[in-house]
Amino acid sequence: MHTFLLSEPAGTGENEDAAGALGEVAVLLDGAGVPQRFRAGCHHSVAWFSHVVAGRLLIRAQDRSTALRSALAGAIADVRGLHEHECDLDLGGPSATVVVARRVGEHLEHLVLSDSSLLLRGTDGRVARITDQRVDEVVAREREATAVEARRNATGGFWVVRHESEAAQQALVGRTPWATLGSVHLVSDGITRAVDLLDHEGDTSLALALEDDPRRVIDEIRAGERSLEGARRPRKLHDDATVITLRP
């Protein structure tokens with residue numbers, strides 16, 4: 001399995017995306033940029049949280065007998081144990097999305113929680129995009145930030161990696177025969193902005209462009225973000241953008 005990783009921060013601040021590959025496991029987390037009042041119980045940065053969880057998850061997922069949901073639950077518990085003695089997590093702490101891909105024998109296993117994505121390009125040329133859309137569904141219904149926050153890691157709402165290990169059981173999981181795949185891309189939503197915000201690419205074109213030249217993809221996203229005007233401009237003009245590409 002050949003692996004390529006590229007990550008670019010949105011600006012001069014910390015990169016809140018965290019990504020890595022070890023053996024036949026790849027992990028990507030995208031730290032959630034929620035207002036400070038919703039993570040007031042913790043003094044650690046979002047970048048600290050996403051990077052530490054990514055490291056613990058990458059190690060735990062090496063054991064192929066451990067299901068990916070169990071590996072994620074263990075990583076969340078590991079990181080909670082690192083800072084719950086000094087942080088009041090009941091008052092809120094940092095959170096993140098997560099995507100995991102792991103080759104086990106003749107299959108690729110995956111896990112997706114929240115709105116980072118997995119792009120699976122088959123040898124037949126078709127691309128399947130796997131994204132947990134529950135956060136978008138909540139945002140579409142609840143316009144106030146406080147109402148959205150009340151639905152985070154709650155029954156009937158949406159789920160992210162935070163300090164609750166039970167969130168791992170809400171992750172989307174699946175497996176795909178490795179021989180049917182031409183490429184696999186783990187991407188933060190800074191990359192899928194090309195499709196969802198800028199209309200530059202469809203999922204198929206985006207997957208092919210990431211195989212060809214991911215640096216150019218990010219450059220085009222940055223140019224497109226700068227060209228947005230008025231109501232089309234997002235709250236964050238630029239977002240951290242990360243891709244891990246896996247190929248046979």
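Excluded from the calculations below are hydrogen atoms, water molecules and symmetry mates; all remaining heavy atoms, backbone and side chain alike, are included.
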Margin query: With clusters defined by side-chain heavy atoms of hydrophobic residues (ILVMFWY) lying less than 4.5 Å apart, directly or transitively, does Val184 cluster with Met1?
Written below: yes
Note to self: I need the Ser95 OG to Asn153 CG distance, nearest 0.5 Å.
What the structure shows: 7.5 Å
Note to self: Does Glu144, at its CD atom, have more than 12 non-hydrogen atoms belonging to other residues, nucleotides or ligands within less than 6.0 Å?
What the structure shows: no
Check: Nearest 0.5 Å, what's the OG1-CG distance between Thr245 and Leu6?
Finding: 9.0 Å
Checklist line | Pairwise distance CD(Glu14) to OG(Ser50) - rounded to 0.5 angstrom | finding: 8.5 Å
Checklist line | Donor-acceptor contact present, side-chain Asp240 to main-chain Glu16, <3.5 Å | finding: yes
Next item on the list: For residues Ala19 and Ile244, report the shortest heavy-atom separation together with the two atoms involved.
Entry: CB-CD1, 3.7 Å
Next item on the list: Enumerate the residue pairs fulfilling side chain to side chain donor-acceptor pair (under 3.5 Å) with a member in residues 28-37, sequence neighbours excluded, ordered by first and then second residue.
Entry: Gln36-Arg39
Note to self: Quick check for you: to the nearest 0.5 Å, what is the distance between Leu22 atom CG and Ile59 atom CD1?
What the structure shows: 8.0 Å
Note to self: Taking the side chain as everything from C-beta on, heavy atoms only, tell me whether Asp136 gets closer than 4.5 Å to Phe158.
What the structure shows: no
Item checked: Leu108 CG to Leu118 CG distance, which is reported to the nearest 0.5 Å -> 7.0 Å
Notebook entry, point to check: Is it true that Val52 and Leu57 fall in one hydrophobic cluster, defined by side-chain heavy atoms closer than 4.5 Å?
Noted result: yes
Notebook entry, point to check: Would you call Glu137 and Arg134 a salt bridge, using N to O less than 4.0 angstrom?
Noted result: no
Item checked: Validation row: Leu68, Leu72 side chains within 4.5 angstrom (heavy atoms) -> no
Checklist line | Arg102 and its side-chain contact (heavy atoms from CB on, under 4.5 Å) partner, picked from His110, Glu109, Gln62 | finding: Glu109
Next item on the list: Taking atom types as modelled, find out whether Ser7 and Asp17 have a side-chain donor-acceptor pair closer than 3.5 angstrom.
Entry: no
Check: Going only through I, L, V, M, F, W and Y residues with side-chain contacts under 4.5 Å, is there a path from Val98 to Leu28?
Finding: no
Checklist line | Nearest atoms (heavy-atom pairs only) where Ala171 meets Leu111 | finding: CB-CG, 3.6 Å
Margin query: With a 4.5 Å cut-off on side-chain heavy-atom distances among I, L, V, M, F, W and Y, is there a chain of contacts connecting Val195 to Val187?
Written below: yes
Item checked: Sub-4.5 Å side-chain heavy-atom contact between Ile191 and Leu206 -> yes
Note to self: Just by distance, no angles: are the side chains of Thr97 and Ser114 close enough, under 3.5 Å, to form a donor-acceptor pair?
What the structure shows: no
Notebook entry, point to check: Do His44 and Val79 have side chains that get closer than 4.5 Å, going by heavy atoms?
Noted result: no
Check: Please, which pairs that meet salt bridge (charged side-chain N to carboxylate O under 4.0 Å, His left out) have at least one residue in residues 81-90, sequence neighbours excluded?
Finding: Arg80-Glu84
Check: Taking all atoms of both residues into account, what is the closest heavy-atom pair of Ile218 and Glu8, and its distance?
Finding: CG2-OE2, 3.4 Å
Item checked: Distance, nearest 0.5 Å, that separates CG of Asp213 from CG of Leu208 -> 13.0 Å
Check: Taking all atoms of both residues into account, what is the closest heavy-atom pair of Leu113 and Val161, and its distance?
Finding: CD2-N, 3.9 Å
Margin query: Using only atom types and a distance under 3.5 Å, with no angle test, would you say the side chain of Ser116 pairs donor to acceptor with the backbone of Val99?
Written below: no
Next item on the list: For residues Ala54 and Ala18, report the shortest heavy-atom separation together with the two atoms involved.
Entry: CB-CB, 3.9 Å
Note to self: Apply salt bridge (Lys or Arg N to Asp or Glu O under 4.0 Å) to residues Asp196 and Arg129 and explain how you reach the verdict.
What the structure shows: CA-CA 12 Å; Asp196 300 336; Arg129 175 172 167 182; 2.7 Å; yes
Margin query: Would you say that more than 12 heavy atoms from the other residues, nucleotides or ligands in this model lie under 6.0 Å from the CZ of Arg141, or not?
Written below: yes
Note to self: Treating Arg247 as the side-chain partner and His2 as the backbone partner, does any N or O pair qualify as donor plus acceptor under 3.5 Å?
What the structure shows: no
Name the atoms and distances for all side-chain donor-acceptor pairs under 3.5 Å in residues 172-181, with sequence neighbours left out.
residue, atom, partner, partner atom, Å
Arg175, NH2, His107, ND1, 3.4
Thr180, OG1, Pro177, O, 2.7

Check: Do Leu210 and Leu119 have side-chain heavy atoms sitting under 4.5 Å apart?
Finding: yes
Check: Taking C-beta and beyond as the side chain, do Thr242 and Leu186 meet within less than 4.5 Å on heavy atoms?
Finding: no
Notebook entry, point to check: Sub-3.5 Å donor-acceptor pair from the side chain of His185 to the main-chain atoms of Ala207, do we have one?
Noted result: yes
Notebook entry, point to check: Asp78 and Arg56: which non-hydrogen atoms are nearest, and at how many Å?
Noted result: CB-NH1, 3.6 Å
Item checked: ILVMFWY network linking Leu29 to Val135, side-chain heavy atoms under 4.5 angstrom -> no
Margin query: Tell me whether Arg193 contacts the main-chain N or O of Ile221 through its side chain, where contact means a donor paired with an acceptor under 3.5 Å.
Written below: no
Next item on the list: Using the salt bridge (Lys or Arg N to Asp or Glu O under 4.0 Å) rule, take Arg152 and Glu142 through it: C-alpha gap first, then chi angles, then the decisive distance, then the call.
Entry: CA-CA 12 Å; Arg152 186 186 303 270; Glu142 305 287 357; over 6 Å; no
Check: Does the side chain of His83 reach to within under 4.5 Å of the side chain of Leu89, using non-hydrogen atoms?
Finding: yes
